Protein chains: 2
Amino acid sequence: MRTRRAEYSESTRQALVDSAVDLFTKRGYAGTSLDEVVKRARVTKGALYHHFSGKQALFEAAFAQVETQSIESLTAVISGDGDPWEVAVAGLRAYVRKCLDPEYQRIIVHEAPVVMGWERWREAEEHFSFGLLRSAVQLLVDAGEIEDLPVEVMARLLFGALSSGASTIASSSDPKRTGRDVERAILRVLEGLRKK
Amino acid sequence: MRTRRAEYSESTRQALVDSAVDLFTKRGYAGTSLDEVVKRARVTKGALYHHFSGKQALFEAAFAQVETQSIESLTAVISGDGDPWEVAVAGLRAYVRKCLDPEYQRIIVHEAPVVMGWERWREAEEHFSFGLLRSAVQLLVDAGEIEDLPVEVMARLLFGALSSGASTIASSSDPKRTGRDVERAILRVLEGLRKK
DNA sequence: TATCTCACATACCGACGGTACGTACCGGTG
DNA sequence: CACCGGTACGTACCGTCGGTATGTGAGATA
């Protein structure tokens with residue numbers, strides 16, 4: 001049953017999350033006040049605390065929204081069932097591009113581990129970007145394309161390297177050039193792991 | 001001229017920084033109140049705001065202290081002038097060990113980029129751990145040990161991978177095993193970049 | 001229509017970062 | 001030795017912000 005009240009409620013919740021994503025991206029978690037969030041969403045703190053248990057919960061909702069959108073755009077790239085190596089390379093490129101999105105970079109890469117705590121962040125990432133990356137690495141190992149080092153660890157290292165690379169690109173004075181360098185370096189590292 | 005007054009003052013400042021390092025490590029930046037810091041240092045906020053312009057400045061002092069200690073222990077490892085490759089490997093091992101130190105991991109790796117802002121963190125790191133790592137990479141390239149990809153980018157990627165790897169080890173249920181896996185994986189990546 | 005419920009709004013509290021101002025003590029000067 | 005200037009704090013207070021308790025009105029229910 002889809003009542004009108006429920007629609008209003010969902011709309012309010014969505015407005016709060018959108019506002020949160022926007023402000024957390026611009027000013028960070030600590031720099032964003034809930035008063036600002038509710039003001040931009042044209043509601044009050046009563047609404048916020050009705051939908052979320054607190055600031056942390058609101059952040060996690062913003063986190064989930066950004067990650068969900070990312071997953072959608074990434075799976076579209078990966079779902080093609082061509083040569084595993086080609087697919088993996090395309091996925092890498094797509095992920096680096098994603099990391100350059102301000103929302104993703106600020107909320108997911110930089111703030112989330114601190115705000116949610118590294119342990120909880122890691123757990124949440126299992127179902128999102130990191131989970132996807134690990135499956136990709138697993139595919140490459142299964143296909144015999146790269147050495148079969150422990151997948152979990154390999155994925156972690158790659159994840160860290162990619163995030164760091166994306167941050168470097170984003171704050172570079174010549175993003176285009178740095179972007180090419182990062183891509184080439186990552187590909188070169190993968191080539192180094194490739195079985196002949 | 002080393003007056004007694006200056007010694008007292010320096011001692012007070014040091015007590016504040018030590019207290020800050022300890023509390024920031026245990027509870028993080030946001031979770032640490034300045035009242036706690038000054039209480040543990042057995043002074044008041046007046047003293048704190050005499051020595052530091054605010055909470056951020058106190059954090060940066062803590063950051064500098066932890067990094068300075070790290071630099072000292074790392075340069076000791078690297079300063080040996082043996083085979084560049086051996087020195088680099090020893091340096092990598094030493095850095096991963098450093099990342100497992102709670103103070104370093106929490107303050108430098110996790111909190112600093114968020115608290116100081118990524119840009120400022122990057123700038124500060126030029127004179128500390130990252131600067132050291134980049135020189136090490138530069139040495140390997142100059143010695144013709146690895147491919148001469150852009151050093152800056154390579155160092156960034158390696159830095160991110162190492163930090164991520166260290167976090168993985170620290171939160172692993174079997175740190176010893178994970179530690180070995182991370183070391184092996186990193187070395188394997190470097191081998192892949194090695195010129196034949 | 002009467003009632004109930006829930007999705008908010010309003011008013012308020014305590015904690016915390018930061019500031020203004022007071023003060024005691026050290027170190028130099030006549 | 002008396003005096004004085006400045007440094008190194010301590011104390012009292014303010015504004016902001018996250019969180020809570022309670023009121024209320026529109027929409028669902030019978």
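By convention in this document, chain letters (A, B, ...) are assigned in the order of the sequence lines, proteins followed by strands, and residues within each chain are numbered from 1. Being a predicted model, the structure only gives us computed values, none of them experimental.
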Which atoms of nucleotides 22-26 of chain C (N or O only) lie under 3.5 Å from a protein N or O atom, and what are those distances?
| unit_1 | atom_1 | unit_2 | atom_2 | d |
| --- | --- | --- | --- | --- |
| C:dC25 | O2 | B:Arg5 | NH1 | 3.4 |
| C:dC26 | O4' | B:Arg5 | NH1 | 3.4 |

### Query
Atom CZ of A:Phe52 to atom P of C:dA7: distance rounded to whole Å?
13 Å

### Message
Tell me the interatomic distance from B:Leu23, atom CG, to C:dG17, atom P, rounded to whole angstroms.
### Response
11 Å

Donor-acceptor contacts under 3.5 Å from residues 151-160 of chain B side chains, at least two apart:
| unit_1 | atom_1 | unit_2 | atom_2 | d |
| --- | --- | --- | --- | --- |
| B:Glu152 | OE1 | B:Arg134 | NH1 | 2.5 |
| B:Glu152 | OE2 | B:Arg156 | NE | 3.2 |
| B:Arg156 | NH2 | B:Glu126 | OE2 | 3.3 |

### Task
Rounded to the nearest angstrom, tell me the gap between atom CD in A:Gln56 and atom C1' in D:dG19.
13 Å

### Message
Please determine whether side chain to side chain donor-acceptor pair (under 3.5 Å) holds for the pair A:Ser163 and A:His110, giving the CA-CA distance in whole Å, both sets of side-chain angles, and the decisive distance to 0.1 Å.
### Response
CA-CA 9 Å; A:Ser163 306; A:His110 288 154; over 6 Å; no

### Query
B:Arg120 and side chain to side chain contact (heavy atoms under 4.5 Å, CB included): which partner among B:Gln56, B:Glu125, B:Glu60?
B:Glu60

### Query
What are the residues of residues 41-49 of chain B, sorted by number, that bring a heavy atom to within less than 4.0 Å of DNA chain D?
B:Val43, B:Thr44, B:Gly46, B:Ala47

### Task
Give one of base, sugar-phosphate or nothing for B:Ser11, where a contact means two heavy atoms less than 4.0 Å apart.
nothing

### Query
Does the side chain of B:Asp35 come within less than 4.5 Å of B:Lys39's, by heavy atoms?
no

### Message
Below the 4.0 Å mark, does C:dC8 have OP1 or OP2 next to a side-chain nitrogen or oxygen of A:His50?
### Response
no

### Task
Grab the CD-P distance between B:Gln14 and D:dA8 for me, whole Å please.
16 Å

### Task
Begin with the C-alpha distance, continue with both residues' side-chain angles, and end with the deciding distance and a verdict on side chain to side chain donor-acceptor pair (under 3.5 Å) for B:Asp18 and B:Gln14.
CA-CA 6 Å; B:Asp18 288 341; B:Gln14 189 59 48; 3.1 Å; yes

### Query
Does A:Tyr8 sit in a hydrophobic cluster with other residues, and if so which ones, taking ILVMFWY side chains as linked at heavy-atom separations under 4.5 Å, directly or through other members?
none

### Summary
ring pair (Phe, Tyr, Trp, His ring centres under 6.0 Å) pairs touching residues 9-40 of chain B, sequence neighbours excluded, are B:Phe24-B:Tyr29, B:Phe24-B:Phe59, B:Tyr29-B:Phe59

### Query
Can you tell me how far C1' of D:dG18 sits from CZ of A:Phe59, to the nearest Å?
16 Å

#### Entry: Whole-Å distance separating the CZ atom of B:Phe24 from the P atom of C:dG17
9 Å

### Query
Which comes earlier along DNA chain C counting from the 5' end, the contact point of A:Thr12 or that of B:Ala30, where each point is its nearest nucleotide?
A:Thr12

### Message
Could you tell me how far apart A:Asp35 (CG) and C:dT10 (P) are, to the nearest whole angstrom?
### Response
13 Å

### Query
Reckon B:His51 has a side-chain N or O less than 4.0 Å from the OP1 or OP2 of D:dA8?
no

In residues 46-53 of chain B, what donor-acceptor pairs under 3.5 Å come from side-chain atoms, sequence neighbours left out?
none

### A:Leu58 CG - D:dC17 C1' separation (whole Å)
14 Å

### Message
Can you see if the side chain of A:Ser9 gets near the phosphate of C:dC8 - specifically, an N or O under 4.0 Å from OP1 or OP2?
### Response
yes

### Query
Is it the case that B:Arg106 places NZ or CZ above or below the six-membered ring of A:Trp118, under 6.0 angstrom from the centre and within 45 degrees of the axis?
no

